[in-house]
A.B. asks: 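I am attaching a structure below and will ask some questions about it afterwards.
Any value given below was found using the heavy atoms of this structure, including those in side chains, with hydrogens, waters and symmetry copies removed.
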Amino acid sequence: MVDMADRWLSISEISQYLGVSNDTVYKWIEQKELPAHKIGRLWKFKKDEVDEWVRSGKAAEK
């Protein structure tokens with residue numbers, strides 16, 4: 001059985017988790033190296049990787 005706490009999150013799920021728009025998430029993937037994995041045509045995210053990225057301060061860089 002898959003542990004749902006460690007599942008891959010979609011663009012809409014990660015944007016809701018971070019409290020930003022889907023467009024902001026796409027921009028962060030391109031400009032700020034948000035940790036994302038492309039599976040086919042879809043972007044997927046691991047919550048722990050995104051948490052570490054936020055903690056590292058990369059989300060706040062200009």
Side-chain angles (χ1 to χ4, degrees):
M1 186 168 152
V2 175
D3 180 6
M4 294 307 281
D6 191 39
R7 70 184 184 86
W8 291 93
L9 302 176
S10 67
I11 286 274
S12 59
E13 288 170 321
I14 207 69
S15 65
Q16 184 176 23
Y17 175 69
L18 294 172
V20 298
S21 71
N22 288 4
D23 288 343
T24 298
V25 172
Y26 285 116
K27 187 168 71 175
W28 285 352
I29 292 169
E30 287 181 30
Q31 299 176 356
K32 296 180 181 267
E33 299 174 357
L34 175 65
H37 305 270
K38 197 149 194 187
I39 301 173
R41 293 176 48 224
L42 303 175
W43 286 103
K44 295 293 182 176
F45 307 85
K46 282 290 191 181
K47 189 170 151 299
D48 59 341
E49 291 177 0
V50 173
D51 287 341
E52 180 57 36
W53 176 79
V54 171
R55 279 196 231 40
S56 74
K58 290 185 179 174
E61 291 177 1
K62 298 209 182 241

A.B. asks: Looking at every heavy atom in both V25 and S15, which two are closest together, and how far apart are they?
C.D. replies: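 Residues V25 and S15, closest heavy atoms: CG2-CB, 3.5 Å.
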
A.B. asks: Taking the side chain as everything from C-beta on, heavy atoms only, tell me whether L42 gets closer than 4.5 Å to S10.
C.D. replies: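 Counting from C-beta outward, L42 and S10 never come under 4.5 Å.
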
A.B. asks: Less than 4.5 Å apart, any side-chain heavy atom of V54 and any of L18?
C.D. replies: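 Of all side-chain heavy-atom pairs linking L18 with V54, at least one is under 4.5 Å.
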
A.B. asks: For the hydrophobic clusters of this structure (ILVMFWY residues joined by side-chain heavy atoms under 4.5 Å, transitively), does one cluster hold both L9 and I29?
C.D. replies: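 Yes, L9 connects to I29 through the hydrophobic network.
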
A.B. asks: Could you point out which residue of K47, K46, R7 forms a salt bridge (charged side-chain N to carboxylate O under 4.0 Å, His left out) with E13?
C.D. replies: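 Looking at K47, K46, R7, the match for E13 under the salt bridge (charged side-chain N to carboxylate O under 4.0 Å, His left out) is R7.
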
A.B. asks: Please lay out, stage by stage, how Y17 and D51 fare under the test side chain to side chain contact (heavy atoms under 4.5 Å, CB included).
C.D. replies: CA-CA 10 Å; Y17 175 69; D51 287 341; 2.6 Å; yes

A.B. asks: Would you call the rings of W28 and W53 parallel, tilted or perpendicular, where under 30° means parallel and over 60° means perpendicular?
C.D. replies: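 If you compare the ring of W28 with that of W53, the planes turn out tilted.
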
A.B. asks: Just checking, is any N or O donor in the side chain of T24 or S21 under 3.5 Å from an acceptor N or O on the other one?
C.D. replies: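 Yes - a donor-acceptor pair under 3.5 Å links their side chains.
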
A.B. asks: Does one hydrophobic cluster hold both I14 and Y26, with members joined at side-chain heavy-atom distances below 4.5 Å?
C.D. replies: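 Linked within one cluster.
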
A.B. asks: Determine whether more than 12 heavy atoms belonging to other residues, nucleotides or ligands lie under 6.0 Å from atom CD of Q16.
C.D. replies: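 No - once you tally the heavy atoms of other residues, nucleotides and ligands closer than 6.0 Å, there are 12 at most.
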
A.B. asks: Hey, is CD on E49 packed in by over 12 heavy atoms from elsewhere, all under 6.0 Å?
C.D. replies: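 Result for CD/E49: enclosed.
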
A.B. asks: Within the structure provided, determine whether K38 and K44 are in side-chain contact (heavy-atom separation under 4.5 Å).
C.D. replies: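 Result no, sub-4.5 Å side-chain heavy-atom pair not found.
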
A.B. asks: Is any side-chain heavy atom of F45 closer than 4.5 Å to a side-chain heavy atom of I11?
C.D. replies: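 They are in contact (side-chain heavy atoms under 4.5 Å apart), so the answer is yes.
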
